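Within every chain, numbering begins at 1; the chains are lettered A, B, ... in the order of the sequence lines, protein sequences first and strands thereafter. Just so we're clear, the structure is a prediction, and the values are computed from it rather than from any experiment.
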2 protein chains.
Amino acid sequence: MSTVGIRQVAEHAGVSPGTVSNVLNRPEKVSASTRARVETAIRELGFVRHASASTLRAGHSKTIGLSVIDIGNPFFTDVTAGVEDVASERGYAVLLSNSAGSTSKEERNLLVLAEQRVRGVLITPSDEGPGPLDRLRDRGINVVLVDHPAHRPDQCSVAVNDIIGGQTALTHLLSGGASRLAYVTGPLTIRQCLDRRLGAERALRGRPLRVVEMPTMTPRAGQQAAEKIVSEGDLPDAVFCANDLLALGMLRGLMHAGIRVPDDIALVGYDDIDFAAASAVSLTSIRQPTYQLGRVAAELLLDECDNPGTHAHQQIMFQPELIVRESTR
Amino acid sequence: MSTVGIRQVAEHAGVSPGTVSNVLNRPEKVSASTRARVETAIRELGFVRHASASTLRAGHSKTIGLSVIDIGNPFFTDVTAGVEDVASERGYAVLLSNSAGSTSKEERNLLVLAEQRVRGVLITPSDEGPGPLDRLRDRGINVVLVDHPAHRPDQCSVAVNDIIGGQTALTHLLSGGASRLAYVTGPLTIRQCLDRRLGAERALRGRPLRVVEMPTMTPRAGQQAAEKIVSEGDLPDAVFCANDLLALGMLRGLMHAGIRVPDDIALVGYDDIDFAAASAVSLTSIRQPTYQLGRVAAELLLDECDNPGTHAHQQIMFQPELIVRESTR
DNA sequence: GAGGAGCTCTAAAACGTTTCAACGCAGATC
DNA sequence: GATCTGCGTTGAAACGTTTTAGAGCTCCTC
């Protein structure tokens with residue numbers, strides 16, 4: 001039970017506690033010799049700064065929060081990696097919380113972040129309700145939206161153009177000769193699903209698009225969608241899925257029904273997760289700059305935290321990219 | 001910039017700060033009427049407790065740390081879910097940190113956890129070096145090992161019997177009539193890989209096992225392993241992979257080479273991740289009680305935190321379970 | 001009606017750090 | 001030699017809670 005604090009370090013090094021604090025926080029203010037003395041004292045005593053005391057006195061912590069919808073989705077895992085890299089480069093710690101799609105869990109998590117007095121929050125909002133976010137901002141906690149364009153100019157956001165993504169997918173399918181098209185999606189209340197559909201329809205210029213809406217975006221749901229499409233007859237010759245998880249399930253469902261991909265039905269997914277390249281028939285997909293999304297979001301947030309004066313809010317929109325593989329060849 | 005603290009709440013409710021603190025921490029000590037008055041004051045003022053001040057004064061936080069090797073692996077995602085559920089049931093917050101296989105990153109993360117004065121740490125240790133863990137324990141931070149049996153009696157741990165797992169997999173393959181067997185694995189320095197091999201050899205009782213060791217445990221590595229096996233000729237008739245990610249890559253590689261699964265080669269994976277059931281040929285796999293692993297680990301840790309007097313250290317070992325699917329039918 | 005028991009509630013002292021005004025000292029300037 | 005400047009360091013006052021001893025009440029008991 002070591003209770004070695006800044007005082008003990010100070011005593012051991014023959015200086016005052018204030019000087020130790022300076023070594024810790026503004027080393028340039030301390031002469032080289034005393035700094036060295038303090039640093040060896042720190043090492044010898046195994047001193048570990050008490051983050052709570054520091055936060056309490058300083059009024060702010062070296063911590064940011066990251067709230068994602070589903071940590072099990074490889075898409076978010078990659079975003080998280082980007083965020084963590086930037087944060088650790090700049091000396092911040094990341095508090096990761098997972099709302100698992102539940103709004104109430106999201107609110108509970110945001111409360112924890114507020115209690116911890118995090119410096120800022122990165123969040124992929126699960127719905128449009130801006131209430132909890134505004135409450136954070138009122139407390140002086142900076143907020144950057146991830147994978148969601150901001151609806152107000154005084155707010156940073158980082159997103160990927162889902163309309164272009166949907167359009168690209170459909171254009172690719174059409175150029176492959178497809179004519180009877182289907183869109184398999186999660187709930188159309190989700191902005192991403194909606195935008196991708198919008199893009200798809202734009203590419204179709206009025207031609208019909210069969211929409212199959214599933215309640216979740218999992219491989220299981222994708223397989224069920226396949227069974228539905230097969231049982232209803234009148235097969236499409238190309239399917240666009242809102243998500244690679246759906247697409248993988250769809251692929252499996254189609255193969256089970258003896259339908260060949262891409263010969264009978266061409267298939268395009270979305271996100272380009274690792275498993276997309278590794279599936280039995282590798283999956284054509286729309287790649288998003290996932291890791292980069294996390295990096296840039298974190299950079300915007302930390303800029304806002306460290307330079308509150310000069311920070312200019314930005315809404316950044318990345319472009320998605322088509323990755324062609326076997327499922328549309 | 002709201003700066004409403006316990007003082008403001010107290011004033012607004014006409015009581016002393018101490019009473020507000022009691023409402024927050026020991027509500028039963030406060031009369032129903034004042035409690036109600038304080039609670040409405042809290043609500044009206046939008047008071048959010050300052051976790052740092054609380055931790056500083058109380059000497060300990062309501063937070064535990066969870067350090068995993070690879071948050072991108074569905075196995076760890078499930079463990080995390082179990083941990084988070086237990087923690088939030090008991091009013092604890094979880095600090096999730098990802099070492100991404102790097103020992104230095106793991107040490108940095110543990111330092112952050114120590115600075116935050118977390119009450120305890122759940123960790124899937126990346127190697128045997130007990131140094132950093134002992135340092136935590138010296139600081140009074142409880143440690144529970146996850147997916148790793150403890151090597152000392154004064155330490156809790158939760159693991160799954162990997163020897164039985166390997167044995168089960170091979171027994172299943174042998175009972176299906178296989179005779180030329182291969183084991184595709186990650187680095188054999190990893191305890192899990194080693195134990196699974198041990199189990200496999202135990203089932204073989206001296207018959208030969210072809211071991212293909214890959215540097216990583218990803219779908220890509222699995223596919224390369226398939227290519228290697230095919231190019232070397234003398235095909236096995238059954239392959240056991242140390243991991244579903246390897247198995248999925250193996251499956252794809254075999255199909256590409258025109259080898260049918262399970263007709264030409266039977267295939268067994270490990271972990272039973274969601275994608276195992278969803279792949280083109282669904283994957284026979286060894287299921288581990290992943291979510292349960294996380295739950296039990298968290299329960300042990302919180303018991304140790306909340307009842308330091310009566311807590312009895314336990315080393316818990318779960319048994320894995322064979323899930324038969326198409327890849328061995 | 002004095003004394004005690006049992007409840008509520010209060011006042012004030014911590015917890016370990018950061019911050020800031022002030023201080024001492026060396027060298028430069030007149 | 002007196003005054004100024006600038007650097008490096010110190011001391012003490014915060015930060016917002018929790019905690020503990022005990023103050024003030026009300027109700028009982030004798």
Checking contacts here: which listed nucleotide ([options]) is nearest the side-chain heavy atoms of [X]?
X	options	value
A:R57	C:dT10, C:dT18, D:dT18	C:dT18
B:H50	C:dT19, D:dT17, C:dT18	D:dT17
A:R49	D:dT19, C:dT18, D:dT17	C:dT18
B:T19	D:dT18, C:dT10, C:dT18	C:dT10
A:V15	D:dT10, C:dC9, C:dT17	D:dT10

* Could you verify whether a donor N or O on one side chain and an acceptor N or O on the other, from B:D147 and B:Q192, lie under 3.5 Å apart? =>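 Yes, side-chain donor-acceptor contact under 3.5 Å.
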* To do: Indicate whether any N or O donor in one side chain lies under 3.5 Å from an N or O acceptor in the other, for B:H313 and B:D154.
  => no
Counting the atoms with a prime plus P, OP1 and OP2 as sugar-phosphate, which does [X] contact under 4.0 Å by heavy atoms, base, sugar-phosphate, or nothing?
X	result
A:S52	nothing
A:R26	sugar-phosphate
B:V20	nothing
B:S54	sugar-phosphate
B:S21	base

* Which residue lies toward the 5' end of DNA chain D, B:L56 or B:G18, if each is placed at its nearest nucleotide? ->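 With B:L56 and B:G18 compared, the 5'-side residue is B:L56.
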* Asked: Between A:R117 and A:A114, is there a donor-acceptor pair closer than 3.5 Å when you use the side chain of the first and the backbone of the second?
  -> yes
